[in-house]
Amino acid sequence: MFSASILLQILACALYNNWWPMLSALMYVVVPMPCLFFGGGSTQFLLTRESDGWINAAKFLTGASTVGSIAIPIILRHAHMIETPAMWIEFFSFFIFICTVMCFHRASLEDAW
């Protein structure tokens, strides 16, 4: 699923001969970083109600990078730097990426049991 997401990302750029949409691919790298740095590679800290400063920072960074993944194609389209179909391909790529993350999260929860 992750490979399909990256393929759509590249297709959004190659079909319209415009590589600006690759900026949102940077966010695909940033989204899992809080889990790696603050959660020890696990996504279980996202469901806790702990008020530790580092856990709150990780939750904020995860949310900000997720919103950035959606906002970058919208901003690029608003600035007329990419075409509308490229923006929609980016959104579909993001949807597949989020489904991949949710599957990983579900698998990591099942491993905990």
Side-chain angles (χ1 to χ4, degrees):
M1 286 175 59
F2 181 74
S3 298
S5 175
I6 297 299
L7 175 69
L8 284 174
Q9 186 80 30
I10 293 170
L11 240 114
C13 298
L15 286 177
Y16 300 99
N17 199 22
N18 184 355
W19 293 92
W20 278 107
M22 275 307 226
L23 284 176
S24 59
L26 293 174
M27 299 309 285
Y28 290 179
V29 174
V30 175
V31 168
M33 289 301 159
C35 292
L36 294 174
F37 293 140
F38 301 114
S42 173
T43 57
Q44 293 179 355
F45 76 94
L46 293 172
L47 301 175
T48 64
R49 292 185 182 250
E50 294 180 28
S51 61
D52 184 22
W54 290 111
I55 291 177
N56 287 338
K59 289 178 183 179
F60 173 77
L61 290 173
T62 302
S65 57
T66 303
V67 169
S69 297
I70 297 170
I72 288 174
I74 294 171
I75 292 169
L76 290 174
R77 175 62 195 122
H78 181 72
H80 301 289
M81 297 179 83
I82 64 172
E83 301 292 325
T84 303
M87 180 185 71
W88 288 109
I89 293 171
E90 290 285 323
F91 288 154
F92 192 63
S93 170
F94 178 72
F95 175 73
I96 292 174
F97 178 73
I98 290 299
C99 287
T100 305
V101 170
M102 297 306 282
C103 288
F104 172 75
H105 177 68
R106 175 75 181 216
S108 68
L109 287 179
E110 287 177 1
D111 286 344
W113 295 103

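Residues take their numbers from the sequence shown, with the count starting at 1.
- Both F37 and L61 belong to a common hydrophobic cluster when Ile, Leu, Val, Met, Phe, Trp and Tyr are linked at side-chain heavy-atom distances under 4.5 angstrom.
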Exercise for review: Could you walk me through whether I72 and L26 pass the side chain to side chain contact (heavy atoms under 4.5 Å, CB included) test, one step at a time?
Suggested key: CA-CA 10 Å; I72 288 174; L26 293 174; over 6 Å; no

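- Each of V101 and L8 belongs to its own hydrophobic cluster when Ile, Leu, Val, Met, Phe, Trp and Tyr are linked at side-chain heavy-atom distances under 4.5 angstrom.
- The SG atom of C103 lies 11.5 Å from the CD1 atom of I98; values are rounded to the nearest 0.5 Å.
- The side-chain heavy atoms of M27 and T66, taken from C-beta on, include no pair separated by under 4.5 Å.
- Of the inter-residue distances, the one linking I6 atom CD1 with S93 atom OG reads 6.0 Å to the nearest 0.5 angstrom.
- Checking side-chain atoms of Q9 against main-chain N and O of P21 turns up a donor-acceptor pair under 3.5 Å.
- Annotation: the span from I82 atom CD1 to H78 atom NE2 amounts to 12.5 Å, rounded to 0.5 Å.
- Under a hydrophobic-cluster definition in which Ile, Leu, Val, Met, Phe, Trp and Tyr are linked whenever side-chain heavy atoms come within less than 4.5 Å, directly or via other members, W88 and W19 are assigned to the same cluster.
- Interatomic distance, Y16 OH to E83 CD, rounded to the nearest 0.5 Å: 7.5 Å.
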Where do F94 and I70 land on the side chain to side chain contact (heavy atoms under 4.5 Å, CB included) test, with the steps shown first?
CA-CA 8 Å; F94 178 72; I70 297 170; 3.4 Å; yes

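- With hydrophobic clusters built from ILVMFWY side chains whose heavy atoms lie under 4.5 angstrom apart, I75 does not share a cluster with I89.
- For the atom pair S69 OG and I74 CD1, the distance stands at 11.0 Å (nearest 0.5 Å).
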- [ ] Decide yes or no on side chain to side chain contact (heavy atoms under 4.5 Å, CB included) for M87 and L76, but give the supporting numbers first.
- [x] CA-CA 8 Å; M87 180 185 71; L76 290 174; over 6 Å; no

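- Closest of all the heavy-atom pairs between M81 and W20 is CE-CE2, 3.2 Å.
- Within 6.0 Å of atom CE in M102, 12 or fewer heavy atoms from other residues, nucleotides or ligands are found, so the atom counts as exposed in its surroundings.
- Within 6.0 Å of atom CZ in F92, 12 or fewer heavy atoms from other residues, nucleotides or ligands are found, so the atom counts as exposed in its surroundings.
- Between F97 and F2, the angle of the ring planes lies from 30° to 60°, which puts this pair in the tilted group.
- Hydrophobic clustering keeps V30 apart from I96 (ILVMFWY residues linked when any side-chain heavy atoms are closer than 4.5 Å, directly or through intermediates).
- Using a 4.5 Å heavy-atom threshold, the side chains of F104 and T100 count as separate.
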